Amino acid sequence: MLIKNITRVGENHPSDMQIVDGRIARIGHDLAVQDDQVIDGTGLTAAPGFIDVHVHFREPGFTRKETIKTGSQAAAHGGYTTVVAMPNLDPVPDNINDLKQLLDKNRTDGVVHIEQFAPMTKALTTTDLVDFTALKQLGALGFSNDGKGVQDAQTMLQAMQDAAKVNAPIAAHIEDESLVNHGVINAGPTATKLGLPGISNESESSQLARDLQLAASTGVHYHACHISTRQSVELIRHAKAAGVNVTAEVSPHHLLLDDSMILRDDPMFKMNPPLRSPEDRNALIIGLLDGTLDMIATDHAPHTQAEKSGSMATAAFGIVGLETAFSLLHTHLVVPGIMPLTTLIDKMSGNPARAFHLNAGELSVGQVADITLLDLNKQTTIDPTTWYSKGTNSPFIGQTVTGMVHTTIVAGHIAYQTED
């Protein structure tokens with residue numbers, strides 16, 4: 001494959017890029033070669049393929065919501081070439097046989113690279129730890145009980161110790177259930193106005209404080225999932241300054257939405273953690289810009305229409321994000337000058353690759369050809385009829401955005417290309 005006249009992120013002048021055997025073979029000007037496939041990159045920008053370290057593909061057990069095939073197609077549509085899938089499935093892949101079947105299915109059905117987290121404990125909700133050594137050797141990238149915060153401190157400590165022994169990260173869903181109090185929305189004026197039970201900031205930050213202390217004592221790579229509060233940003237900032245081996249992600253919806261934007265009881269705005277206050281959202285943006293928050297991850301969580309209908313009091317938590325993340329972030333952060341494009345791309349590709357030691361995140365000779373071609377000036381309307389995901393649960397539907405994914409190349413093969 002030869003990509004002609006493409007401008008790489010961070011550069012001002014176009015060049016050509018040749019791909020051979022799934023890797024970038026040459027980058028230069030006026031490359032004259034005979035290639036099977038030529039892509040005209042005039043007017044497009046090349047970025048290293050996006051990496052999402054937090055997705056839910058729902059298979060096995062919940063294929064009415066999503067499958068590995070539809071989820072990975074959605075990822076490619078959104079410019080992602082690597083994703084890391086969570087293990088809150090049925091059966092939970094907490095043993096060698098179930099994890100092997102899942103890893104095999106990821107390889108056969110996925111159109112992008114799919115890495116897999118294994119659970120920390122049996123069935124996600126017990127205090128019985130999995131065999132960290134066996135599951136890591138089989139191919140688990142790391143360990144997470146995502147969807148369920150680990151309530152017992154001793155269990156979390158032992159899980160961190162076991163993960164550290166096999167040099168694997170712990171990715172934590174941070175939620176003290178005793179402080180959630182059956183809440184469905186952020187505790188504050190909007191919850192009061194709508195008459196809905198609220199979830200306090202402390203339900204996240206208090207457990208995060210516990211985990212950071214345990215991470216400091218064990219030396220494990222502790223990854224904080226979907227940070228949502230200003231208190232959590234400050235805790236991570238202090239932990240990093242103290243030398244704790246911590247990385248953190250923030251989701252697009254927590255960067256772009258807050259609870260002041262919820263004008264009625266609309267289940268499309270129900271996610272966990274909830275949309276917080278404008279002050280929290282501002283702290284997240286600052287934390288992303290100053291490096292406290294390392295990366296952006298969508299927490300792509302598809303549900304059926306029935307599960308996301310009715311009231312926030314009864315609807316499921318969750319929002320889809322793989323197919324809208326780049327366009328929304330580019331529109332609301334890059335276009336108005338809040339964040340340079342190079343920073344956004346690093347938060348969506350380079351940083352997650354480095355944090356999780358993935359062979360990705362760069363556009364250089366010899367690297368695997370995971371490439372996302374972007375049309376930064378194209379205006380589109382967010383329309384779920386164009387999506388590959390089974391889920392359409394998003395409050396962003398109908399928004400006009402600037403910037404879109406034109407082509408996604410995974411290991412030298414086109415996984416998605418716009419029809420325009």
Side-chain angles (χ1 to χ4, degrees), residues 1-28 39 41 43-55 72 74-84 110-115 141 247 249-250 252 288 291 293-298 300 321-323 325-330 333-334 339-376 403-418:
M1 182 186 294
L2 181 67
I3 307 173
K4 297 284 292 182
N5 302 315
I6 190 71
T7 301
R8 287 178 289 165
V9 168
E11 297 193 350
N12 296 320
H13 302 289
S15 57
D16 300 343
M17 189 180 304
Q18 185 189 21
I19 299 168
V20 177
D21 294 332
R23 293 185 178 272
I24 299 173
R26 289 196 294 169
I27 298 175
I39 296 176
L44 302 178
T45 299
F50 302 152
I51 299 168
D52 193 339
V53 301
H54 191 154
V55 302
S72 64
H77 184 207
Y80 290 91
T81 55
T82 300
V83 298
V84 186
V111 301
V112 301
H113 307 294
I114 303 175
E115 300 284 349
L141 179 69
T247 55
E249 71 188 40
V250 61
L288 190 65
L293 305 180
D294 301 88
M295 64 196 76
I296 299 170
T298 67
H300 177 80
L322 282 169
E323 296 176 86
F326 173 76
S327 293
L328 286 166
L329 294 164
H330 180 259
L333 296 181
V334 176
M339 173 182 290
L341 177 64
T342 51
T343 301
L344 176 62
I345 298 303
D346 209 38
K347 299 293 185 179
M348 297 182 70
S349 183
N351 269 8
R354 288 185 287 271
F356 288 92
H357 306 290
L358 301 171
N359 184 23
E362 292 183 36
L363 290 184
S364 58
V365 172
Q367 288 291 312
V368 175
D370 292 341
I371 306 166
T372 300
L373 306 184
L374 305 167
D375 186 339
L376 297 177
M404 64 172 287
V405 173
H406 183 279
T407 303
T408 304
I409 299 169
V410 178
H413 299 282
I414 293 176
Y416 166 78
Q417 190 166 43
T418 182

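Residues take their numbers from the sequence shown, with the count starting at 1. The structure displayed is predicted, hence computed values, not measured ones. Keep in mind that the numbers below use all heavy atoms, side chains included, and drop hydrogens, waters and symmetry copies.
The line from OG1 of Thr82 to CD of Glu115 is 7.0 Å long, rounded to the nearest 0.5 Å. The distance from atom OG1 of Thr298 to atom CG of Leu322, rounded to the nearest 0.5 Å, is 4.0 Å. Here CG of Leu376 is found 5.5 Å from CG of Leu341. Values are rounded to the nearest 0.5 Å. Rounding to the nearest 0.5 Å places CD of Gln18 at 6.5 Å from CG of Leu2. The distance from atom CD1 of Ile6 to atom OG1 of Thr407, rounded to the nearest 0.5 Å, is 8.5 Å.
Scanning all heavy atoms of the two residues, the minimum distance from Gly79 to Thr408 falls at CA-OG1, 3.4 Å. Closest of all the heavy-atom pairs between Ile51 and Ser349 is CD1-O, 3.4 Å. For Ala25 against Val20, the heavy-atom pair with the smallest separation is CB-CG2, 3.7 Å. His406 and Asp375 get closest at one heavy-atom pair: CB-N, 4.4 Å. Shortest non-hydrogen contact noted between Ala411 and Val368 is CA-CG1, 4.0 Å. Nearest heavy-atom pair, Val9 versus Ala47, reported as atom, atom and distance to 0.1 Å: CG2-CB, 3.8 Å.
Applying the ring-ring contact (aromatic ring centres under 6.0 Å, His included) test to Tyr80 and every residue at least two apart in sequence or in another chain returns Phe50. Residues meeting the side chain to side chain contact (heavy atoms under 4.5 Å, CB included) test with Ser327, sequence neighbours left out: Val401, Met404. Partners of Ala369 under the side chain to side chain contact (heavy atoms under 4.5 Å, CB included) rule, at least two apart in sequence or in another chain, are Ile19, Ile24, Ile371. By the side-chain hydrogen bond (donor to acceptor under 3.5 Å, both in side chains) test, Glu11 is found to be paired with Arg8, residues two or more places apart in sequence or in another chain being considered. Residues forming a side chain to side chain contact (heavy atoms under 4.5 Å, CB included) with Val111 (at least two apart in sequence, or on another chain): Ser72, Gln73, Ala76. Among residues two or more places apart in sequence or in another chain, the salt bridge (Lys or Arg N to Asp or Glu O under 4.0 Å) test is passed with Asp16 by Lys4. Under the side-chain hydrogen bond (donor to acceptor under 3.5 Å, both in side chains) criterion, Asp346 pairs with Arg354, not counting sequence neighbours. Partners of Asp52 by salt bridge (Lys or Arg N to Asp or Glu O under 4.0 Å), not counting sequence neighbours: none found. Listed by chain and residue number, nothing satisfies the salt bridge (Lys or Arg N to Asp or Glu O under 4.0 Å) test with Arg23 (two or more places apart in sequence, or in another chain). Listed by chain and residue number, Asp370 satisfy the side-chain hydrogen bond (donor to acceptor under 3.5 Å, both in side chains) test with His113 (two or more places apart in sequence, or in another chain). With sequence neighbours excluded, the residues satisfying side chain to side chain contact (heavy atoms under 4.5 Å, CB included) with Thr343 are Met339, Pro340, Lys347.
In this structure the side chain of Val405 reaches within 4.5 angstrom of the side chain of Leu374, judged on heavy atoms. You'll find the side chain of Leu329 reaches within 4.5 Å of the side chain of Met348, heavy atoms only. At a threshold of 4.5 Å between non-hydrogen side-chain atoms, the residues Pro352 and Val53 count as touching. For the pair Ile3 and Ile409, the minimum side-chain heavy-atom distance is below 4.5 Å. Side-chain contact between Phe326 and Leu344: present, with at least one pair of heavy atoms (C-beta onward) separated by less than 4.5 Å. By the 4.5 Å heavy-atom criterion applied to side chains, Thr7 and Pro14 are counted as neighbours.
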Solution key, residues 355-363 side-chain donor-acceptor pairs under 3.5 Å, sequence neighbours excluded:
from: Glu362; atom 1: OE1; to: Ser364; atom 2: OG; distance (Å): 3.4

